[in-house]
Amino acid sequence: MQFSLNGFLLSISFALDCIERDILGVKLNHGKRVAYNALLIGQQMGMTQDDLVDMVAFSILHDNGISGCLTEHKLMDRKKVFLFENIKKHCTIGEKNIEDYPLLKKEQNIILYHHERLDGSGYFHMKGDAIPLKAQILGLADYVDTHFKVNMMYGDYEERVIDHIKKLRNVKFSEKICDSFFKVIEPVYYRLDQEDANIEAALDKRAPYKFLDLDYFQIHEITAVFSRIIDTKSKFTWRHSKGLSEKAGIMAEFYDYSAEETVKLRIAADLHDIGKLLISNDILEAERRLTAEEFAKIQCHTYYTRKALNKISGFEDITQWAANHHEKLNGKGYPYCKTAKELDFNSRLLGCLDIYQALTEDRPYRAGMEHSHVVHIMRDMADGGFVDRTIVDDITQVFG
């Protein structure tokens, strides 16, 4: 099938943006604006189309490692906007997370070095041309959006921004990149495009799209990258999506699925919790009963999983299976209260496997349960009309 890497990224970018808003307190659509600025600078500098495709990808993914930092650090003050931006760890985690992502130019260390300074005073002490060009452009685009109001770029404010960046020329950023930035901010559309109401359409219009002829097995290699990003959101879910994907593959073999349907089910498992990136770790890691308001926020995550996947061509079945994993046969699930007649077999299967996977994992409020205990709980749920009894029996047989 014809698959657009950047189309896929833009579809799920709101979820990545929400990580940064939750953890860093940065503005909504930060990733999209970084991509927009990096794209315009790259165009101004004469980058090729393939380079620009990768530039947008790196920009959207540039802070994907931030959630992984939460497994080792506690956010002490949410007003310290750059707390995690200034942790070297998020660069290394972010670079590691995307090592299997099919970038067109196969470049490395763009995310790793996006906070380096031209004078060598960055975290890794890389200097000058030793910092990859895309990392330098990404660094300026990120700096601009985190330090300035890009939708206010006119008059005295624009002059102050230019003066500020000029002081960093050949210190933090190269002269050529700075001068390219000064060019791209001149048109009126620059600030208007970056209004929250406009940025998604503006980036969609301007970003180059590269359609690759990929099968679902190759797409699974991409979604496995995001499974890793999703799982590092919390130390209590560090392998949840991966484990679910593995179990989905085992059950597909048990049911004698075709190779294509098997890998599609695994893709759905990879991405089923992408909406959970919107949920604060204060809620995900609460060692107590959630309040009604907190549980209401948890219930949002499957809604946003559907929103993230809905626009991706070829993902129609995958979206249903992934987004239905908290629906129940008796209509008491969420977010759409679907009933048995509205839930196909793979939606039911992924829902059952998600329960099994979650109950066998350690959580902040309990240790992981043994197989026999989990089966007892799931059979009670089947008796109550929540889940498919046949599937529960099959899971019992396969994993017992």
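These values consider heavy atoms only, across backbone and side chains, with no hydrogens, waters or symmetry-generated copies. Keep in mind it's a predicted model, so treat the numbers as computed, not measured.
Looking at every heavy atom in both residues, Arg389 comes nearest to Ala382 through CD-CB, 3.6 Å. Considering all non-hydrogen atoms of both residues, Ile377 and Leu359 come closest at CG2-CD1, 4.1 Å.
Ring geometry for Phe124 against Tyr113 counts as perpendicular: the plane angle is over 60°, on a 0 to 90° scale with 30° as the lower cut. Taking the six-membered ring where tryptophan is involved, the planes of His240 and His272 are tilted, since the angle between them lies from 30° to 60°.
Of the possible donor and acceptor atoms, none in the side chain of Thr339 sits under 3.5 Å from a partner among the backbone N and O of Asn330. When atom types are taken as modelled, the side chain of His147 and the backbone of Tyr143 share a donor-acceptor pair closer than 3.5 angstrom. With hydrogens and angles ignored, the 3.5 Å screen pairs a side-chain donor or acceptor of Tyr157 with a backbone N or O of Lys149. Under the 3.5 Å distance criterion, the side-chain polar atoms of Glu327 are matched with a main-chain donor or acceptor of Tyr336. Looking only at distances, a side-chain donor or acceptor of Thr146 sits under 3.5 Å from a matching main-chain atom of Asp142. Of the possible donor and acceptor atoms, one in the side chain of Glu116 sits under 3.5 Å from a partner among the backbone N and O of Met126. Of the possible donor and acceptor atoms, one in the side chain of His62 sits under 3.5 Å from a partner among the backbone N and O of Ser59. With hydrogens and angles ignored, the 3.5 Å screen pairs a side-chain donor or acceptor of Asp215 with a backbone N or O of Gln218. Between the His301 side chain and the Ile298 main chain, a donor and an acceptor come within less than 3.5 Å of each other. Side chain of Thr305 to main chain of Gly275: a donor-acceptor pair is present (N/O by atom type, distance under 3.5 Å, no hydrogens or angles).
The closest side-chain heavy-atom distance from Ile395 to Cys352 is below 4.5 Å. Counting heavy atoms from C-beta outward, Val225 and Glu99 have side chains that stay 4.5 Å or more apart. Within the 4.5 Å cutoff, no side-chain heavy atoms of Leu278 are placed close to those of Cys300. Proximity of Arg169 to Asp179: side-chain heavy atoms (C-beta onward) are separated by under 4.5 Å at one or more points. Under the 4.5 Å side-chain criterion, counting only non-hydrogen atoms from C-beta, Ile250 is in contact with Val398. With a 4.5 Å cut-off on side-chain heavy atoms, Ile312 and Ile318 do not count as touching. Proximity of Leu61 to Phe226: side-chain heavy atoms (C-beta onward) are separated by under 4.5 Å at one or more points. Using a 4.5 Å heavy-atom threshold, the side chains of Leu5 and Tyr101 count as touching.
For the residue pair His371/Tyr356, the side-chain donor-acceptor check at 3.5 Å is satisfied. For the residue pair Asn346 and Gln320, no side-chain donor N or O sits within less than 3.5 Å of a side-chain acceptor on the partner. A side-chain N or O of Asp51 and one of Thr48 form a donor-acceptor pair less than 3.5 Å apart. In the model, Asn151 has a side-chain atom that pairs as donor or acceptor with a side-chain atom of Glu195 under 3.5 Å. Residues Asn64 and His90 have side chains that never bring a donor and an acceptor to within less than 3.5 angstrom of each other. A donor-acceptor contact closer than 3.5 angstrom links the side chains of Ser245 and Asp270. No hydrogens or angles considered: a donor-acceptor pair under 3.5 Å links the side chains of Ser347 and Asp344. Residues Asp204 and Tyr209 have side chains that bring a donor and an acceptor to within less than 3.5 angstrom of each other. A donor and an acceptor atom, one from each side chain of Arg348 and Asn324, are nowhere located under 3.5 Å apart. Using modelled atom types and a 3.5 Å distance limit, the side chains of Lys32 and Ser13 yield a donor-acceptor pair.
Salt bridge annotation for Asp145-Arg33: present, with a cationic side-chain nitrogen under 4.0 angstrom from a carboxylate oxygen. The pair Asp383-Arg379 does not count as a salt bridge, with every side-chain nitrogen at least 4.0 angstrom from each carboxylate oxygen. Salt bridge absent: Lys242 and Asp231 never bring a charged side-chain N and a carboxylate O closer than 4.0 Å. Ion pairing between a basic and an acidic side chain is recognised when a charged N comes within 4.0 Å of a carboxylate O; Asp193 and Arg206 show such pairing. Note on Lys105 versus Asp50: no salt bridge recorded, every NZ/NE/NH1/NH2 to OD/OE distance being 4.0 Å or above. Ion pairing between a basic and an acidic side chain is recognised when a charged N comes within 4.0 Å of a carboxylate O; Glu294 and Lys297 show no such pairing. Salt-bridge annotation for Asp119 and Lys172: absent, with no side-chain N of the basic residue lying under 4.0 Å from a carboxylate O of the acidic one. Note on Lys311 versus Glu200: salt bridge recorded, some NZ/NE/NH1/NH2 to OD/OE distance being below 4.0 Å. A salt bridge links Arg239 to Glu246: one of the charged nitrogens lies within less than 4.0 Å of a carboxylate oxygen.
Between Ile110 atom CD1 and Ile131 atom CD1 the span is 11.0 Å, to the nearest 0.5 Å.
Here Phe211 and Phe3 keep their ring centres 6.0 angstrom or further from each other.
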- Message: The test is side-chain hydrogen bond (donor to acceptor under 3.5 Å, both in side chains); show your working for Lys247 and Gln357 and say whether it passes.
- Response: CA-CA 8 Å; Lys247 287 180 175 61; Gln357 180 68 27; 2.8 Å; yes
- Message: Working note: Gln194 + Asn37, criterion side-chain hydrogen bond (donor to acceptor under 3.5 Å, both in side chains); need CA distance, chi angles, decisive distance, verdict.
- Response: CA-CA 9 Å; Gln194 294 186 84; Asn37 278 272; 2.8 Å; yes
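Counting heavy-atom neighbours within 6.0 Å of His164 NE2, excluding the residue itself, gives a total above 12. For Lys106, the NZ atom counts as densely surrounded, since its 6.0 Å shell holds more than 12 non-hydrogen atoms of other residues, nucleotides or ligands. The 12-atom threshold is exceeded at CG of Asp213, counting heavy atoms of other residues, nucleotides or ligands nearer than 6.0 Å. For Glu253, the CD atom sits in a loose shell: 12 or fewer heavy atoms of surrounding residues, nucleotides or ligands are nearer than 6.0 Å.
A cation-pi arrangement, defined by a distance under 6.0 Å to the six-membered ring centre and an angle within 45 degrees of its axis, is present between Lys264 and Tyr216.
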